[in-house]
Amino acid sequence: MENKILEQIKKSETAMLDTLAQIVNIDSGYDALEGIDEVAHIIGDFLTPYGFEVQYIETPNAPTHVLAKRPRPGKKKVMLMGHMDTVFPKGTAAARPFRIEDGKAYGPGVMDMKAGIAISLYTVKALLDNGWDDTDLTLFFCGDEEPAHPLTDAVEWFKKEGLGKDAVFNMEPGRADGSVVIGRKGVIRPVLTVKGTAAHAGNEPEKGASAVLELCHKTIALHALTDLEVGTTYNVGVFNGGSLANIVADRAEARVDIRFKTAEEAEKAIKSVEAIAAKIYVANTTTTVTENRIEFMPLETTDGVQKLYGHLSKQAEKLGLPVPGALYVGGSADSAWTAMVGAPTLCGMGPQAVGAHSNNEYLFVPSMTERAQLLAMCIMHLDEMQ
């Protein structure tokens with residue numbers, strides 16, 4: 001059976017790329033809710049004939065999620081997960097549709113992470129077409145990972161469906177060298193808004209209270225909190241204020257990115273931002289903080305994560321593939337939520353790829369088949385994980 005499954009995956013490359021082209025050519029940015037819904041139904045329609053119970057999770061004026069379950073009581077429980085949305089606005093798919101050149105596939109969201117969806121579908125198809133029935137399978141793809149789920153309860157769904165799983169594979173793109181991700185930082189993105197008092201900068205500067213100057217002090221204070229040894233970083237990435245050079249600025253705003261490795265550091269960071277916002281450097285200014293919350297928890301490298309990576313390595317060796325490297329990265333992902341509830345979780349199980357979120361993102365076509373075969377082996381031999 002194993003050989004038949006692997007051979008079917010190999011022969012399915014063209015079909016897998018056709019499905020990838022289909023979903024890449026559908027705009028599914030945050031301004032294209034109908035496109036996200038269309039991708040969700042393509043996934044559901046693919047899985048329904050295989051006995052999956054498919055649920056479309058809808059929130060008014062927000063993206064659709066798709067959940068597909070094929071329960072097998074008493075069997076190993078595996079979850080494949082990821083997201084259907086991209087960072088690209090409407091019109092991008094028409095402007096630069098899916099194409100393959102020199103063994104590389106291009107298109108908006110091709111590697112982040114529509115390829116991971118296609119790999120998931122054709123891995124499951126190969127397993128079930130050949131009689132594999134020893135795994136309780138769950139697939140959950142959300143529609144709003146890129147903006148960090150501002151309007152839906154995707155996080156709770158990830159936690160709920162991840163609970164009790166023996167293995168979770170997040171189908172986010174792999175790295176150019178094939179490495180997978182065993183750890184990620186979490187992120188907080190607070191916004192600081194300062195109100196001051198406008199005045200003529202030449203005639204009556206003493207009557208003004210500069211919001212820009214106040215925010216400059218706060219920016220320096222925030223950056224000073226960076227602790228590279230601990231792994232917590234603060235970055236004021238956007239700074240806006242004032243209107244004209246000859247007016248003392250009465251308003252300024254900063255958007256901050258904070259990365260951290262542990263929940264303890266996250267709570268510390270939230271309190272630190274509040275403390276800096278409360279401190280007054282320039283008299284007669286006030287500062288408010290919004291969005292000072294955890295957008296993503298870190299994917300912590302637990303024993304379960306390490307064991308699943310060891311299992312992956314053994315299956316790569318069986319296939320004669322290079323053992324994927326294991327990376328800890330600063331970027332965040334939904335794999336954090338399943339790891340939080342105790343499920344061994346690997347991230348970056350998608351194809352070898354380059355250039356996420358850029359107009360030149362691409363993946364290496366041969367790695368689609370390799371990753372699907374590796375995923376199938378990990379599922380079939382999950383009882384070997386120690």
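This chain uses plain numbering: 1 for the first residue, then up along the sequence. Only heavy atoms go into these numbers, but all of them, side chains included; no hydrogens, no water, no symmetry mates.
In this structure, the side chain of Ser367 does not engage the main chain of Glu370 through any donor-acceptor pair within 3.5 Å. Put simply, the side chain of Lys69 never gets that close to the backbone of Gln55: no donor and acceptor are under 3.5 Å apart. His200 contributes a side-chain N or O that, together with a main-chain N or O of Asn203, makes up a donor-acceptor pair within less than 3.5 Å. Under a 3.5 Å cut-off, the side chain of Thr152 and the backbone N or O of His149 do not form any donor-acceptor pair.
Between Phe158 and Phe140, the ring planes are perpendicular. Angles over 60° get that label, and only those under 30° would be called parallel.
Pairs engaging residues 27-49 under the salt bridge (charged side-chain N to carboxylate O under 4.0 Å, His left out) rule: Glu34-Lys90 [sequence neighbours left out].
At least one cation-pi condition fails for Lys114 and Phe98: the charged atom is not both under 6.0 angstrom from the six-membered ring centre and inside a 45 degree cone around its axis.
Residues that satisfy the ring-ring contact (aromatic ring centres under 6.0 Å, His included) test with Phe88, not counting sequence neighbours, are absent from this structure.
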Please determine whether side-chain hydrogen bond (donor to acceptor under 3.5 Å, both in side chains) holds for the pair Tyr328 and Thr301, giving the CA-CA distance in whole Å, both sets of side-chain angles, and the decisive distance to 0.1 Å. CA-CA 8 Å; Tyr328 190 103; Thr301 310; over 6 Å; no

Worked check of side-chain hydrogen bond (donor to acceptor under 3.5 Å, both in side chains) between Thr138 and Glu161: CA-CA 8 Å; Thr138 297; Glu161 297 304 326; 4.6 Å; no

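There is no side-chain donor-acceptor pair under 3.5 Å between Ser358 and Asn360.
Summarising the geometry, atom NZ belonging to Lys125 is positioned 11.5 Å from atom CD1 belonging to Ile9; distances are rounded to the nearest 0.5 Å.
Residues Cys347 and Leu299 have side chains in contact (heavy-atom distance under 4.5 Å, counting atoms from C-beta outward).
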